[in-house]
Amino acid sequence: MLHINKIRENKENYIELLKIKNIDASDLIANAIAKDDERKATQQQADELLAKGNQLAKQIGELYKTGKAVEANVLKEESSAIKENSKALQTKQVELEKEIQDILVQIPNIPHPSVPAGKSDADNVTLKQVGDIPVLMDGAKPHWELTTDYNLIDFELGNKITGAGFPVYTNKGAKLQRALIAYFLDKNTDAGYTEYLPPHLVNEASGFGTGQLPDKEGQMYHATEDNLYLIPTAEVPVTNFFRDVIVKEFPIKCTAYTPCFRREAGSYGKEVRGLNRLHQFDKVEIVQIQHPEKSYETLDVMVQHVSSILDELELPYKILQLCGGDLSFTSALTFDFEVYSAGQERWLEVSSVSNFEGYQANRLKLRYKDENGKTQLCHTLNGSALALPRIYAALIENNQTAEGIKIPKALQPYTGFDIIK
RNA sequence: GGAGAGAUGGCAGAGUGGUCGAAUGCGGUGGUCUUGAAAACCAUUGUACAGCAAUGUACCGGGGGUUCGAAUCCCUCUCUCUCCGCCA
């Protein structure tokens with residue numbers, strides 16, 4: 001959510017920049033400012049009345065104490081009238097505040113000026129491509145066949161006990177998954193991130209804090225009996241650690257492994273086959289809270305960090321800068337990572353690294369004190385480092401050989417084996 | 001699941017109708033002292049909104065009510081803790 005004062009200060013600029021996201025926000029913004037003007041006026045009137053009321057109450061107290069009950073009763077009547085008026089004004093103020101909020105949540109984050117225009121993912125800009133596209137042997141297979149052939153994942157068993165999109169990992173397939181989690185966490189903690197293992201269910205307030213609620217309610221599994229939500233990403237619990245916090249020192253760096261639960265209604269076919277899209281999947285997330293002046297520098301460092309992991313895993317990958325049309329509602333600037341999955345001959349998104357600037361922080365009330373002692377919004381950033389299933393798919397597809405599936409060197413200390421036969 | 005207790009500033013903890021945005025202690029910040037540090041002492045130390053400012057208003061878990069006046073009384077919701085039960 002954007003801050004109304006920031007909108008006031010940068011009105012024209014914001015409207016221009018939002019065009020990059022293909023959004024004409026001029027009506028929303030004008031409306032928000034008009035309502036806010038009204039809110040200010042209402043508050044001034046209300047404050048004045050309340051001040052008068054407070055004063056009267058004090059006088060009445062004094063009069064009673066000195067035994068002047070008659071005079072007190074006169075003032076009482078005046079006080080009652082004031083009370084009624086001020087109450088009406090306060091109600092109006094609360095209503096206005098809600099209306100303003102309702103408008104503000106409809107305005108997406110302002111994209112960074114460097115964000116290229118564009119309508120869809122087709123307009124994203126490839127910044128660089130690293131690694132060679134592997135040339136596989138004849139008869140190379142997609143991962144959903146390999147996982148069956150080598151007895152790594154039992155999709156059928158998952159269907160039986162839960163449903164589609166809930167795979168069961170077995171044998172070396174399970175070990176490989178565990179190895180990837182441990183490896184990613186180690187890479188992140190080595191880079192200075194503090195490891196957390198958060199709850200996998202969160203309350204309603206946390207859903208609001210990171211913006212899943214109220215809009216994207218359908219994306220999350222909801223345990224209605226206890227009104228808790230299964231997390232769609234570790235970003236939700238981890239970012240909410242810092243809800244209502246005034247930060248003393250920058251940066252704050254967190255990493256967490258969690259399963260992620262997504263209802264993901266409506267998508268079919270080859271795109272979502274096998275591991276490509278799941279209702280439950282594992283992900284290791286990195287989150288940073290940073291001073292506004294340093295957040296873009298940090299974004300670059302985070303991109304570097306994710307790159308280094310993919311380098312070590314010897315996976316060919318592309319870094320894309322998302323165009324305005326593909327940028328998420330809350331993001332100001334996002335880089336996507338896609339790895340090449342040779343068995344499917346497709347690029348698969350495995351990480352998304354974003355700077356949300358103060359957009360999340362405003363909703364979270366995540367702030368710091370500047371050199372003048374004024375509270376300011378922190379900037380928040382996050383990224384996947386990394387999402388498991390598609391990495392897993394690319395790893396086994398790209399490394400399939402006549403002898404078996406080879407494990408990259410970096411991962412071998414974690415798997416304890418160098419080939420799956 | 002049953003019974004009980006509680007929720008106050010960064011933390012601990014007082015406050016049961018006006019003198020309370022709130023005692024006191026700890027912590028934080030600034031200063032005095034010191035070669036430096038510690039100790040001691042002095043000062044300062046919540047957030048938001050409105051206002052150029054002076055200042056005003058709101059906030060003592062959330063919401064509602066009683067009252068001229070509520071941290072304090074009433075209703076309601078949420079959460080936490082303790083004991084019992086169940087259980088990895």
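Just so it is clear: chains get the letters A, B, ... in the order the sequence lines come, proteins before strands, and each one is counted from 1. Since the model is a prediction, treat every value here as computed from it, not as a measurement.
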### Query
Do A:Glu195 and A:Asn188 come within less than 4.5 Å of each other through their side chains, counting heavy atoms only?
no

### Message
Can you tell me the base-pairing partner of B:U66? Count Watson-Crick or G-U wobble geometry only, both distances below 3.5 Å, and say none if there is no partner.
### Response
none

### Message
Give me the distance, rounded to whole Å, that separates B:C20 from B:U76 when you measure between the C1' atoms they each carry.
### Response
26 Å

### Query
Atom NZ of A:Lys365 and atom P of B:G10: how far apart are they, to the nearest Å?
15 Å

### Task
For B:A23 versus B:A14, give the span between their P atoms, rounded off to a whole number of Å.
14 Å

Please set out all donor-acceptor pairs under 3.5 angstrom arising from side-chain atoms of residues 67-75 of chain A, sequence neighbours excluded.
unit_1	atom_1	unit_2	atom_2	d
A:Asn73	OD1	A:Tyr64	OH	3.4
A:Asn73	ND2	A:Ala69	O	3.3

### Task
Answer yes when A:Glu16 and A:Lys19 have at least one side-chain N-carboxylate O distance shorter than 4.0 Å, and no when they do not.
yes

### Query
Using purine N1 to pyrimidine N3 plus N6-O4 or O6-N4 for Watson-Crick, or N1-O2 and O6-N3 for G-U wobble, each under 3.5 Å, what pairs with B:A43?
B:U29

### Task
Sticking with atom C1', work out how far B:G13 lies from B:C26, rounded to a whole angstrom.
11 Å

#### Entry: First of A:Arg367 and A:Gln90 reached from the 5' end of RNA chain B, by closest nucleotide
A:Arg367

### Task
Please check if any side-chain donor atom of A:Arg243 sits under 3.5 Å from a side-chain acceptor atom of A:Asn240, or the reverse.
yes

Which donor-acceptor pairs under 3.5 Å do side chains of residues 219-229 of chain A form with protein atoms, sequence neighbours excluded?
unit_1	atom_1	unit_2	atom_2	d
A:Tyr221	OH	A:His279	ND1	3.3
A:His222	NE2	A:Asn227	OD1	2.8
A:Asn227	ND2	A:Glu204	OE1	3.3
A:Tyr229	OH	A:Glu217	OE2	3.2

### Query
Can you check the A:Arg8 CZ to B:C49 C1' distance for me, whole Å?
13 Å

### Message
Rounded to whole Å, please give me the gap between CG in A:Asn54 and C1' in B:U55.
### Response
14 Å

#### Entry: Check: A:Thr298/A:Gln288 side-chain N/O donor and acceptor closer than 3.5 Å
no

### Query
For B:C87, which nucleotide is its Watson-Crick or G-U wobble mate, given both distances must be under 3.5 Å?
none

### Query
Taking any strand in view, what nucleotide pairs with B:A7 in a Watson-Crick or G-U wobble way, both distances under 3.5 Å?
B:U78

### Query
Mind checking the P distance from B:G62 to B:C79? Whole angstroms is fine.
15 Å

Give every donor-acceptor pair under 3.5 Å between a side-chain atom in residues 156-171 of chain A and any protein atom, sequence neighbours left out.
unit_1	atom_1	unit_2	atom_2	d
A:Thr170	OG1	A:Asn151	O	3.1
A:Asn171	ND2	A:Asn151	O	3.4

### Query
Taking the same atom, C1', in B:A43 and in B:C60, what whole-Å distance lies between them?
27 Å

### Query
For atom C1', what is the distance between B:G21 and B:U55, given to the nearest Å?
16 Å

### Query
Tell me, which of residues 36-52 of chain A have any heavy atom that sits under 4.0 Å from an atom in RNA chain B?
A:Arg39, A:Lys40, A:Gln43, A:Gln44, A:Asp47, A:Leu50, A:Ala51

### Whole angstrom value for the distance that separates P of B:G18 from NZ of A:Lys65
8 Å

### Message
Suppose you measure atom C1' in B:C52 against the same atom in B:C42; what distance do you get, rounded to whole Å?
### Response
34 Å

Could you list all N or O pairs between the protein and nucleotides 67-72 of chain B that sit under 3.5 Å apart?
unit_1	atom_1	unit_2	atom_2	d
B:C68	O2'	A:Ser79	OG	2.4

### Short side-chain donor-acceptor distance under 3.5 Å, A:Asn203 and A:Ser206
yes

### Query
So, A:Lys283 versus A:Thr233: side-chain donor-acceptor pair below 3.5 Å or not?
yes

#### Entry: Protein-nucleotide distance (A:Glu97, atom CD; B:U57, atom C1'), rounded to Å
12 Å

### Message
Applying a 4.0 Å non-hydrogen cut-off, can you work out what A:Asn73 is touching in the nucleic acid: base, sugar-phosphate, or nothing?
### Response
nothing

### Query
C1' atom, B:C75 versus B:A70: distance in rounded Å?
15 Å

### Message
Nearest whole Å is fine: how far is B:G18 C1' from A:Lys68 NZ?
### Response
17 Å

### Task
Using only heavy-atom distances, determine whether the side chains of A:Asn382 and A:Gln360 contain a donor-acceptor pair under 3.5 Å.
no

### Task
Look through every strand shown and name the nucleotide pairing with B:A54 as Watson-Crick or G-U wobble, where both distances are under 3.5 Å.
none

### Mate of B:U24 where both pairing distances stay under 3.5 Å, Watson-Crick or G-U
B:A12

### Query
Do the two ring centres, one from A:His291 and one from A:Tyr368, sit under 6.0 Å apart?
yes

### Partner nucleotide of B:U35 by Watson-Crick or wobble geometry (both distances under 3.5 Å)
none

### Atom-pair distance (CD on A:Glu62; P on B:G17), nearest Å
18 Å

### Query
Between the side chains of A:Asp336 and A:Ser352, is a donor N or O closer than 3.5 angstrom to an acceptor N or O?
yes

Quick test: give all pairs of protein nitrogen or oxygen and nucleotides 75-80 of chain B nitrogen or oxygen below 3.5 Å, distance rounded to 0.1 Å.
none

### A:Glu357 to A:Asn355 - nearest heavy-atom pair and separation
N-OD1, 2.8 Å

### Task
For A:Gln93 and for A:Lys248, find the nucleotide of RNA chain B with the closest heavy atom, then tell me which residue's nucleotide is more 5'.
A:Lys248

### Message
Side chains of A:Gln93 and A:Thr42: any donor to acceptor distance under 3.5 Å?
### Response
no

